[in-house]
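Every number for a ligand or one of its atoms is a count from 1 in the order of the listing.
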Amino acid sequence: MQVKQFGPRTAAVHAGRGDLAPLGVHAPPLDLSSTYPLGDVDAAGASYESMAAGGLPTEGGPVYARLWNPTVARFESALAVLEGTDTAVAFGSGMAALSAVLLDCVRERRSHVVAVRPLYGGTDHLLASGLFGTRVTWTRPDSVQSALRPDTGLVICETPANPTLELLDIVDVVAQAGVVPVLVDSTFATPVLQQPLLHGATLVLHSATKFLGGHGDVVGGVIACGEDWASRLRSIRAVTGAVLHPLAGYLLLRGLPTLPLRVEAQQRTATAVAAYLADHPRVGAVYHPSRPDADPLGLIGKQQSGPGSLLSFSVRGGGAAAQATAAAVRLITHAVSLGGVDSLLQHPASLTHRPVEASARPPETLLRMSVGLEDAEDLIADLDQALSRAHVVAPNGCAE
Ligand SMILES: Cc1ncc(COP(=O)(O)O)c(C=O)c1O
């Protein structure tokens with residue numbers, strides 16, 4: 001049975017599970033082995049060599065869990081189906097996934113990276129640090145082409161961007177990049193709303209920690225791509241040991257069947273919360289793709305099927321009022337991360353985007369909210385009390 005022939009909800013439920021009935025089980029098996037009994041030495045050695053070079057295990061078996069794991073492989077094949085490609089490679093975190101891509105650029109002697117800001121603060125930090133020997137040119141979506149150099153190995157961008165929710169035209173960025181591979185961090189959109197490979201991107205990055213897991217109990221990362229990139233990334237993963245734990249792979253696969261329903265419900269609530277905040281006297285700008293003027297390129301409905309459930313807003317009264325608002329929520333959790341079933345609120349300038357150089361850091365007045373599965377009116381009531389309390393706690397800046 002080819003899961004790809006079905007609709008996206010069916011695919012989310014059944015991808016990666018096609019062999020369960022023949023195996024005689026209903027739930028995917030969780031294989032926690034760190035090593036595997038070996039039979040014939042030559043066969044095991046040949047399998048080892050295949051995996052170390054980025055291939056799959058052969059008849060000699062998986063040999064050792066740093067090289068390959070069947071539970072993780074199930075999650076990878078399911079995610080690849082959802083992204084409309086053949087292959088995905090999972091890592092111990094989103095940052096480990098990005099690190100593997102950067103290491104490949106260095107290995108191929110194309111160590112210059114064109115990075116479209118804004119990006120997640122950790123991504124910005126890694127690129128700015130040049131830790132692996134990469135060099136970066138920061139740019140905006142319309143200036144990618146002029147930032148390219150003969151040694152450019154990668155163009156990296158996010159859409160929607162963290163934390164401003166700006167949308168960027170993937171087709172246009174890919175056209176500007178020419179032969180240079182484009183990596184799209186699609187963490188905020190999920191494959192439910194957007195499939196960047198279908199718009200010409202070479203690599204799709206997810207912090208699987210977020211929507212794919214969806215329950216705030218797993219850290220992981222994944223790259224969806226073609227087999228040529230996948231084998232290079234698997235070989236880097238094998239030597240650097242940046243593997244996803246099998247239990248994390250199990251939890252991520254378990255999260256996928258509900259992904260479409262979660263994303264759809266969360267974005268409906270986020271749209272209602274954004275509309276409420278836009279009318280609030282203590283709130284300045286509200287950033288959510290559902291808001292008027294938030295999608296000047298007309299990408300919703302074309303590139304991205306809906307606005308998603310992340311939003312940002314600026315609090316009137318300055319940075320202290322914004323920080324006080326984040327600290328004053330009761331139902332919503334004051335915490336970083338996003339994409340789970342419960343709503344989270346955080347102050348990017350102090351936390352997720354703290355390492356970003358001052359000129360590119362989000363404003364002190366900005367808060368980012370990940371809207372969960374709660375009732376919209378309960379979230380609105382909590383934001384209302386938090387904004388009121390923050391106003392009392394931080395009255396100094398109320399001149400804005
Ligand atoms: C858009 C985006 N990309 C990548 C990452 C990094 O992922 P991880 O924390 O799983 O390493 C994050 C983390 O917040 C993120 O928000």
Asks: Any N or O of G94 that comes nearer than 3.5 Å to an N or O of ligand 1?
Replies: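 By distance alone, the answer is yes.
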Asks: side-chain contact (heavy atoms from CB on, under 4.5 Å) between Y48 and V63: does it pass, once the steps are laid out?
Replies: CA-CA 7 Å; Y48 185 103; V63 182; 4.0 Å; yes
Asks: Under a 3.5 Å cutoff, is there a donor and acceptor pairing between the side chains of Y36 and D31?
Replies: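 There is such a pair between these side chains.
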Asks: Measure from atom 3 (N) of ligand 1 to every heavy atom in D185, L119, T209, V219 and give the option owning the shortest one.
Replies: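 Ranked by closest heavy atom to atom 3 (N) of ligand 1, first place is D185.
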Asks: Any idea which protein heavy atom is nearest atom 6 (C) of ligand 1, and the distance to it?
Replies: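 Looking at atom 6 (C) of ligand 1, the protein heavy atom closest to it is Y120 CE2, 3.5 Å.
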Asks: Taking atom 13 (C) of ligand 1 as the point of reference, which of R368, M95, K210 owns the nearest heavy atom?
Replies: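 Shortest heavy-atom distance from atom 13 (C) of ligand 1: K210.
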Asks: For the atom pair CG (D151) and CD (E108), what is the distance rounded to the nearest 0.5 Å?
Replies: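 One gets 13.5 Å once the value is rounded to the nearest 0.5 Å.
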Asks: Would you check if M369 and H288 make a side-chain contact, meaning some heavy-atom pair closer than 4.5 Å?
Replies: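 M369 does not reach H288 side chain to side chain.
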Asks: My understanding is that only one of D382, D342, D375 makes a side-chain contact (heavy atoms from CB on, under 4.5 Å) with L331; could you say which?
Replies: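 Of the listed options, the one satisfying the test is D382.
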Asks: G220: heavy atom below 4.0 Å from ligand 1, yes or no?
Replies: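 It does, in that a heavy atom of G220 comes within the 4.0 Å cut-off of ligand 1.
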Asks: To check you understand the geometry: which heavy-atom pair defines the closest contact between P118 and T164, and what is its length?
Replies: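 Heavy-atom minimum between the residues: CG-OG1, 3.4 Å.
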Asks: Return the closest protein heavy atom for atom 7 (O) of ligand 1 as residue, atom name and distance.
Replies: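 Result for atom 7 (O) of ligand 1: S207 OG, 3.0 Å.
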Asks: Answer with yes or no whether H206 contacts ligand 1, where contact means a heavy atom under 4.0 Å from a ligand atom.
Replies: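 Flag not set, H206 not near ligand 1.
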Asks: Looking at non-hydrogen atoms alone, which of V336, N162, V222 comes nearest to atom 16 (O) of ligand 1?
Replies: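 Heavy atom nearest to atom 16 (O) of ligand 1 belongs to N162.
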